[in-house]
There are 2 protein chains.
Amino acid sequence: MIEIYMLVQLVAIADYGTMSKAAEQLHLSQPALSRTMAKLEDMMGVKLFTRGKNKVELNENGRLAVELARKVIDENEALVERVRAFDLSRRTISVCSCAPAPMWIIVPALSELFPEMKITGEMKYHEDFLDELTGGSCQLIIMPCEVEQEGILCRRFFEEQLYLSVPPAHPLAGYSEVHFDDLDGETMLLYSDLGYWHWVHRELTPNTKYILQSEYEAMNELIKASALPCFASDVTMNMRHGDVNRVNIPIADDAAKTTFFCCWRKENNRKFKALAKWLEERKTP
Amino acid sequence: MIEIYMLVQLVAIADYGTMSKAAEQLHLSQPALSRTMAKLEDMMGVKLFTRGKNKVELNENGRLAVELARKVIDENEALVERVRAFDLSRRTISVCSCAPAPMWIIVPALSELFPEMKITGEMKYHEDFLDELTGGSCQLIIMPCEVEQEGILCRRFFEEQLYLSVPPAHPLAGYSEVHFDDLDGETMLLYSDLGYWHWVHRELTPNTKYILQSEYEAMNELIKASALPCFASDVTMNMRHGDVNRVNIPIADDAAKTTFFCCWRKENNRKFKALAKWLEERKTP
DNA sequence: AGGGTTTACGTAACGCGTAACTATC
DNA sequence: GATAGTTACGCGTTACGTAAACCCT
């Protein structure tokens with residue numbers, strides 16, 4: 001039987017020109033390689049090399065064999081990759097979220113609902129989510145709007161309300177509500193990985209100067225240490241209610257309030273039954 | 001490295017249901033097969049079977065792996081086949097002829113011109129010849145007409161003149177020439193594998209009753225033993241000039257005289273240089 | 001009890017490395 | 001002398017078969 005290792009050695013000769021070079025690259029002795037090729041020729045019943053006393057060259061048969069061998073080797077490697085990927089996808093739930101807050105909430109919940117599954121979360125631009133969902137590269141997506149598409153099931157997740165977080169001494173601290181217009185032109189701290197919210201900020205406060213911070217912990221330190229305004233939300237307020245020296249003022253614009261939706265392919269309904277139940281119960285706690 | 005023999009064993013399990021059956025079919029012991037599968041799973045880092053104490057079943061990973069393994073195995077076998085076929089085609093010259101006479105002449109000539117090559121000849125319906133030539137399934141074609149096509153080189157081979165062969169006592173025996181019309185309605189002996197000529201006979205003598213004979217030697221015996229008319233040509237007359245008790249009368253119709261042409265792909269010009277020379281010299285011996 | 005799988009152990013095959021040889025540049 | 005390939009020989013890996021144990025139907 002022609003085995004893969006033979007084809008690998010054959011291709012190496014084509015790639016590196018001589019048996020010696022190929023053997024070196026394969027961490028193999030030349031004699032081993034030479035013998036394998038002799039055996040390969042014997043098994044195929046066809047000469048693959050033109051043999052001079054001192055050199056070996058692939059002949060036409062050999063060149064064809066190399067070309068076909070590459071395909072076999074690639075297929076073989078693809079087999080392993082695809083089976084591994086398939087296995088991984090079977091035992092992981094991958095979530096794509098358009099914003100951080102839904103991920104903070106849903107990832108621990110999924111871990112509890114599906115204790116045997118590995119949960120992976122990623123923040124991306126939500127316009128691509130439907131493709132990723134149908135393409136199979138993720139199984140759950142968190143969208144900032146409802147999705148109505150054949151084959152996709154969409155459930156309301158929760159609503160996030162944005163707040164302005166300022167020190168008590170700040171001019172806006174006394175207001176009971178603010179608008180994005182009030183912030184335009186300010187200098188603010190902003191967590192850089194906000195996904196959908198980032199887009200909202202760019203659109204509605206184009207003249208605000210943002211000091212970006214990508215490290216979440218560092219961001220919290222900055223908020224505590226500086227007097228600069230920043231954003232908060234009902235979710236972050238629940239998480240770090242220890243935020244002293246900060247006044248949180250609700251932002252009144254419609255755009256400061258977003259409802260997130262959790263979607264998956266209908267064929268996964270059975271798999272995500274527990275999640276659907278959890279989302280339903282969450283509505284009226 | 002995942003080797004082919006492992007994949008073969010894997011698909012055998014899929015094909016025969018259990019390890020025992022598969023092992024039997026592969027002329028292998030179950031333990032060997034069992035161990036190979038364990039090793040395969042180990043190397044892939046993925047479980048391929050659901051293992052009960054007493055039974056083994058392919059799981060989803062396994063089913064995917066089997067599917068992909070089939071492709072790899074097929075590719076691998078195709079590799080050998082294709083390289084062998086290619087090697088064979090490199091050391092053989094295959095001729096497709098529209099009639100037997102050109103083959104009788106060209107095959108021995110080719111054997112002499114290319115002593116290291118194997119010569120294979122085949123008679124087929126000439127309408128398909130150009131496809132076979134461009135498709136690569138043969139390298140020389142003998143046509144009953146000149147071919148003018150891009151990339152095809154066409155050289156005049158020779159002219160064959162048809163004769164009527166009758167016993168001296170036959171009513172037509174005294175004629176210095178005959179026409180196909182004179183034969184219409186006769187009962188004649190006919191070699192069945194005449195290719196182009198067969199078509200000519202069917203067209204021009206539709207009411208003649210032909211007694212077909214596919215064995216060439218048997219045909220010659222019949223000709224000698226019976227009083228039935230048959231066809232001959234200048235070529236056959238040269239070959240079996242020992243034909244006694246037969247009068248050969250030339251057939252005067254245009255269709256009884258055919259010029260054969262020998263064609264090959266222009267990219268083979270170099271290869272068939274000796275043949276071109278031979279054809280040229282043959283014109284004026 | 002019988003069929004199916006795995007584990008344990010000894011064996012034989014085989015692919016590999018070292019060394020020696022040949023031939024070319 | 002350096003490079004490149006083949007042949008010869010011994011070794012270690014490994015895939016295999018046999019035997020036995022396990023377990024379910």
Side-chain angles (χ1 to χ4, degrees), chain A residues 1-63 65-66 69 72-73 76 80, chain B residues 1-63 65-66 69 72-73 76 80:
Chain A
M1 182 131 45
I2 311 270
E3 293 294 345
I4 295 287
Y5 77 94
M6 299 173 170
L7 302 181
V8 169
Q9 296 184 18
L10 175 68
V11 169
I13 293 178
D15 287 343
Y16 298 108
T18 71
M19 285 203 182
S20 312
K21 299 248 181 64
E24 192 184 337
Q25 293 291 331
L26 293 174
H27 306 291
L28 215 68
S29 65
Q30 297 114 328
L33 211 158
S34 173
R35 266 175 292 129
T36 303
M37 291 303 100
K39 167 175 268 192
L40 186 61
E41 283 182 313
D42 184 54
M43 288 196 298
M44 303 231 298
V46 161
K47 289 270 164 263
L48 300 175
F49 303 91
T50 59
R51 292 161 190 279
K53 274 298 183 185
N54 190 26
K55 69 160 180 272
V56 155
E57 225 178 358
L58 285 162
N59 64 16
E60 286 189 70
N61 295 334
R63 284 194 288 275
V66 166
V72 176
I73 295 168
N76 197 44
V80 182
Chain B
M1 183 132 44
I2 310 268
E3 294 294 343
I4 295 287
Y5 77 94
M6 298 173 171
L7 303 181
V8 169
Q9 297 184 17
L10 175 67
V11 305
I13 294 177
D15 286 344
Y16 299 107
T18 70
M19 285 202 183
S20 311
K21 298 250 181 64
E24 192 183 336
Q25 293 291 332
L26 293 174
H27 306 290
L28 216 69
S29 65
Q30 298 112 329
L33 211 157
S34 174
R35 266 175 291 137
T36 304
M37 291 303 100
K39 167 174 267 190
L40 186 60
E41 283 181 313
D42 184 54
M43 287 197 298
M44 303 230 299
V46 161
K47 289 270 163 264
L48 300 174
F49 302 91
T50 58
R51 292 159 190 279
K53 275 299 182 183
N54 190 25
K55 70 160 179 270
V56 156
E57 225 178 356
L58 286 161
N59 63 17
E60 286 189 69
N61 294 334
R63 284 193 288 275
V66 166
V72 176
I73 295 168
N76 197 44
V80 182

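- Atom CD1 in I13(A) sits about 13 Å away from atom P in dA4(D), given to the nearest Å.
- Taking atom CZ of R51(B) as the reference point, atom C1' of dC24(D) lies 17 Å away to the nearest angstrom.
- With distances taken from any side-chain atom of A32(B) to the nucleotides dA15(D), dC16(D), dG4(C), the minimum falls on dC16(D).
- Counting only distance, with no hydrogens or angles, the side chain of E41(A) and the backbone of K47(A) share no donor-acceptor pair below 3.5 Å.
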Requested in this report: Quick one: do I13(A) and L33(A) satisfy side-chain contact (heavy atoms from CB on, under 4.5 Å)? Show the steps, please.
Outcome: CA-CA 9 Å; I13(A) 293 178; L33(A) 211 158; 3.1 Å; yes
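- Atom C1' of nucleotide dC16(D) and atom CD of E3(B) are separated by 16 Å, given to the nearest angstrom.
- Looking at which nucleotide of DNA chain C each of H27(A) and S20(B) is closest to, the 5′-most match is held by S20(B).
- In this structure, M19(B) atom CE and dT7(C) atom P are separated by 11 Å, rounded to whole Å.
- For E60(A), the salt bridge (charged side-chain N to carboxylate O under 4.0 Å, His left out) partners two or more places apart in sequence, or in a different chain, are R90(B).
- Side chain of Q30(B) to backbone of S20(B): no donor-acceptor contact under 3.5 angstrom is found.
- Taking CG from L28(B) and OG from S34(B), the interatomic distance works out to 11.0 Å, rounded to the nearest 0.5 Å.
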Report task. Mind running side-chain contact (heavy atoms from CB on, under 4.5 Å) on N76(B) and L7(A) for me, showing each step along the way? Result -> CA-CA 10 Å; N76(B) 197 44; L7(A) 302 181; 3.5 Å; yes
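- Once rounded to the nearest 0.5 Å, the distance linking CE of M37(B) with CE of M6(B) reads 8.0 Å.
- Residue E57(B) is classed as having no contact, given no heavy-atom separation below 4.0 Å to the nucleic acid.
- With rounding to whole Å, Y5(A) atom OH is found 16 Å from dA13(C) atom P.
- dA21(D) atom P lies 17 Å from atom CD of Q30(B), rounded to whole Å.
- For E24(B) and dT5(C), the CD to P distance is 12 Å, given to the nearest whole Å.
- In this structure, G17(A) and L28(B) both approach DNA chain D, and ranking their closest nucleotides by distance from the 5' end singles out G17(A).
- Residue-level contact check: S29(B) touches the bases, meaning some heavy atom is under 4.0 Å from a base atom.
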For nucleotides 23-25 of chain C, tabulate all protein N/O to nucleotide N/O atom pairs closer than 3.5 Å, reporting atom names and distance.
unit_1, atom_1, unit_2, atom_2, d
dT24(C), O4', N54(A), ND2, 3.2
dT24(C), O2, N54(A), ND2, 3.4

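- Looking at heavy atoms from C-beta onward, L58(A) lies in side-chain contact with F49(A) at the 4.5 angstrom threshold.
- The distance from atom OG1 of T36(A) to atom CG of D42(A), rounded to the nearest 0.5 Å, is 12.5 Å.
- Going from atom CG of L33(A) over to atom C1' of dG15(C) covers 12 Å, rounded to whole Å.
- Relative to the side chain of P31(A), the nucleotides dT5(C), dA8(D), dG4(C) differ in distance, and dA8(D) lies closest.
- Of the residues in residues 34-49 of chain B, those with a non-hydrogen atom less than 4.0 angstrom from any atom of DNA chain C are S34(B).
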